[in-house]
Every structure is written in C-alpha cells, then in structure tokens.
2 protein chains.
Amino acid sequence: MGMEDIRKAALFQFATNGYEGASLSSIAAEVGIRKPSIYAHFQGKEDLFLQVARYAFQEQNLRIFEYFTERKDQPLEHTLHDFLFWMGQEYESNNSAKFMLRFSFFPPVSLYHEVLDIVNPFLDKMERKLTRRLRNTRDREPFGHMEPVDVALAFMTLVDGIMVELLYSGSINYHRRLNAAWPIFWRGITLTSPHEA
Amino acid sequence: MGMEDIRKAALFQFATNGYEGASLSSIAAEVGIRKPSIYAHFQGKEDLFLQVARYAFQEQNLRIFEYFTERKDQPLEHTLHDFLFWMGQEYESNNSAKFMLRFSFFPPVSLYHEVLDIVNPFLDKMERKLTRRLRNTRDREPFGHMEPVDVALAFMTLVDGIMVELLYSGSINYHRRLNAAWPIFWRGITLTSPHEA
DNA sequence: GTCTATAGGAAGATAGAC
DNA sequence: GTCTATCTTCCTATAGAC
C-alpha cells in the first residue's frame, strides 16, 4: 500500500492526461488519500513522475524480454508477427505500455533530459536484443542477404508505425494496418532480390 | 496581424509544450501583447486551440498533396522514398507538421472528440490520395499481386514509424531507420513471392 | 503516515477605461 | 483592439497537529 498505490495511480493519470494534465489532487483522489500525503513518499511531482517513469520502462523492458525468451525456439516468423498483436494487447491492458509510448514521444519539456536518459538505454537494449535474436535464428538464413541490425531497426519501425495507429484510431485501424504491413515486411526480409539471385 | 500572429505563436507553443503545457500568457508574450488581448480574437483557450488545429491540418494536407501532384509523372520508387526525407524536413522546419504529429497521437483529453473529427478525415484523405496514386502508376505493375490500398496503408505505417523516431531521438536515428526500413518495404511490394510466381 | 489549514503563485477568464 | 486590474479556481508545496 502507500507508496505502491500512489505509483500505480500516478502511472494511470500521467499516461492518460500527460504530465501537466495530471494533478497531484487527481492522483491522491484515485488512491483515496489527501494531496499532502503524497509528500510523505515522494519529494514532489517531478520526483514522482521520474520514479514512475523508471518503473514503467523497467517493467515493460522485462515483459518484452520475457516474451522473446519464452519463444526463442519458435519460428522467427511467428515470433515477430505475434509480437505485433501482443503489443496491441499490452497497450490496451497495461498502463506501463501506455505511459512508455506517450513519454517516449513527448517528454515534459521541463524533464526532457532526465526522460531521455531513461528512454535511450531502453531502445538500445531492444535493438541489441532483437539483433541477437535475428543472428541466432535457426531458420535456414531467411534473410542471409541483409544485416541483422537493419532487420531489427526495420522491425522496430514497423512496431512503432502500428502502435501509433493504436494511439489515435483504436484497434480497428490497428488491425487493418497490421494485416497490410506485416506481409510486406516479411516478404521484404525473406526474398532475395532478382539482382542478387 | 493580430489574429494571425496569435495563431502562429499558439501553433508553436502548443506544438512544443502540449495543450496543458502551453499557457495563454506564454503565447501572448511571444506575440508581444498582453494575455487579455487574445480574447478579442478568440473565445478562449479551447477555441484558440481548435482553430489552430484546423489550420495546421489543412496547411499540412495542402503541402502533402502539392508534393504528390508535383511528382505525379516521376517514378513511384523515387516519389515514395523522397517523401520520407521530405517529411523529416517538414517536421524540422514546419510547426504545422510538429503540431499535427503531436496531437494526432495525443489529443488533449478534454477535446478528444473535436480533435478526432479533424484527424480522421485527414487520414482518410491521405489513404485515398495515396491509393489513387498507386493505382495510376505508370511503372509496369511493380506490385500487381497486391491491393493498392494495402500498399498505401503499409506505406503510411512506414511513414509513422520513421516519424516517431524523429520525435524522440532526432535526425541521426531517423536516418538509420530510414535506410534500414525503406529497402525492405520496397522489396516487399515489388517482388513476387515464390509461391505466387 | 495521514490529516487540516494555508501559503504563494499561475492558470483561464472578465470588466471596464482608453 | 489593447490595456490594467481583478476574480475565481486550481496548482505545487509546506507547517504543524494527531
């Protein structure tokens, strides 16, 4: 209780209303305490936000690594394709995912550098992890003509492009995009071009 | 002057600091007037924001259509590829583009429906325009095995995924992603899969 | 560790002089 | 159409009782 409840409520309020749009009153109200009680656990709004941010990115980082670890022996095609669905579910059911997306793109101006120091290591980790997975694939070199790191970057771009649609239009257009973009991506990384063949 | 100066300053402030993060004081200060003078031109903050939003989306809509019209006789490959660079330049030099991206993804909660009524027609127009361009291509059916509307959706996903990187990491990673993702996309839409060949 | 009370400031908005 | 002055409300934050 106490601190954890506040963190959870703050996670939701920040993710939903942004940094300036979320007030300590609204967070306290959601927990069921009074505003000044927050100061017994956190130094202030900035401190609360940054602690929530570190927590959210760490949690989401763990969940994503778990996803890939659990499926490391499955075919790459299914692992990557299902990841796009999985992230959609995460976004709808998991406030950490929502928080992460919002403040990766739009950190509060007053905390710009502090937030970037959380976001950048996260993205670097993702890129490395994904590149490693692509290098160790047991499929018979489905994209032997490409650098794994480029495939990783392109996949992360695909993920972002699809998540973005989730952000503004909800899940109908999200699925339209997913079904349109995935086959093109997969074809693009598995087929050898005529010039190279 | 007057109204136009206020619109321009508001565009910048909203795009940079978000809806709640931008104050009428800061907007007035940028114009060089006092806060109450804004009320001679706009009903209030919400009205100002929505008028700026309609302006920004309309302007960006025009610029994008212009881009495609000017190049309607050029090869599709160059038109699409260059569009990714062009959007990057727009984002860095054009506050309307910045505004559009920010509030497409994160509209102020209190104006959610009003903003969606601006964003959705914009996206629909983009999709139709792009689909039409793909249908009328003079290149010898480079993606005859795919529906133009799916190619359009996939391209818009690619654009979003790359723009998103511009939002949080600046132009270095933007170019890394562009160079990784574009060849995969183009290969994916131009090559015929072995099963269909 | 939570509360009431309150300070101190900034926000959006209005009234009325010029 | 812009100003000064002011209202109301909300914000972050602190003091001090329990």
Side-chain angles (χ1 to χ4, degrees), chain A residues 1-56 99 102-103 106-115 118, chain B residues 1-56 99 102-103 106-115 118:
Chain A
M1 330 139 215
M3 191 159 147
E4 274 190 25
D5 288 338
I6 297 173
R7 198 177 27 66
K8 208 177 274 187
L11 182 69
F12 171 72
Q13 288 289 330
F14 283 134
T16 308
N17 299 311
Y19 180 73
E20 294 89 356
S23 70
L24 296 182
S25 305
S26 63
I27 293 168
E30 204 185 301
V31 180
I33 58 174
R34 295 294 190 167
K35 191 169 47 169
S37 307
I38 294 176
Y39 289 85
H41 304 277
F42 301 90
Q43 289 189 353
K45 193 181 186 180
E46 294 198 349
D47 179 45
L48 173 59
F49 177 84
L50 288 174
Q51 288 204 37
V52 167
R54 287 186 200 103
Y55 175 87
F99 183 99
R102 172 161 211 147
F103 295 108
F106 302 106
V109 191
S110 55
L111 296 173
Y112 186 76
H113 293 292
E114 291 87 341
V115 172
I118 303 172
Chain B
M1 352 197 162
M3 192 158 147
E4 273 190 26
D5 288 337
I6 296 173
R7 198 178 28 67
K8 208 178 274 187
L11 181 70
F12 172 72
Q13 287 290 330
F14 284 134
T16 309
N17 299 312
Y19 180 73
E20 294 89 355
S23 70
L24 295 182
S25 306
S26 63
I27 294 168
E30 205 185 301
V31 181
I33 57 174
R34 296 292 191 168
K35 187 168 54 168
S37 306
I38 294 176
Y39 289 85
H41 304 277
F42 301 91
Q43 289 189 352
K45 193 180 186 182
E46 295 197 349
D47 179 45
L48 173 58
F49 178 83
L50 288 173
Q51 288 205 37
V52 167
R54 286 188 200 102
Y55 176 87
F99 183 100
R102 171 161 211 149
F103 295 108
F106 301 105
V109 191
S110 56
L111 297 173
Y112 187 76
H113 294 293
E114 290 87 342
V115 172
I118 302 172

Handout entry: Sub-4.5 Å side-chain heavy-atom contact between A/Glu20 and B/Tyr19
Key = no

Completion exercise
Closest non-hydrogen atoms of B/Ile27 and B/Ala9, given as atom of the first, atom of the second and distance, are O-CB, 4.0 Å

Handout entry: Side-chain touch A/Met3/A/Gln51, heavy atoms, less than 4.5 angstrom
Key = yes

Exercise for the section: Tell me whether the centres of the aromatic rings in A/Phe99 and A/Phe49 are closer together than 6.0 Å. Expected result: yes

Handout entry: Interatomic distance where CG belongs to A/Leu48 and C1' belongs to D/dA13 [whole Å]
Key = 14 Å

Problem - Closest non-hydrogen atom pair, B/Thr16 against B/Arg102 - result: O-NH1, 3.1 Å

Problem - Listed partners of B/Phe106 passing ring-ring contact (aromatic ring centres under 6.0 Å, His included), at least two apart - result: A/Phe106

Problem - Min side-chain heavy-atom separation A/Leu24-A/Leu48 under 4.5 Å - result: yes

Exercise for the section: Give the first and the last nucleotide of DNA chain C, reading 5' to 3', that has any atom under 4.0 Å from a heavy atom of chain B. Expected result: C/dA11 to C/dT14

Handout entry: Integer-rounded Å distance: D/dT4 P and B/Lys35 NZ
Key = 12 Å

Completion exercise
In this structure, CD of A/Glu30 is separated from OG of A/Ser25 (nearest 0.5 Å) by 13.0 Å

Problem - For DNA chain D, the residues among residues 18-31 of chain A that have a non-hydrogen atom under 4.0 Å from it - result: A/Ala22, A/Ser23, A/Leu24, A/Ser25

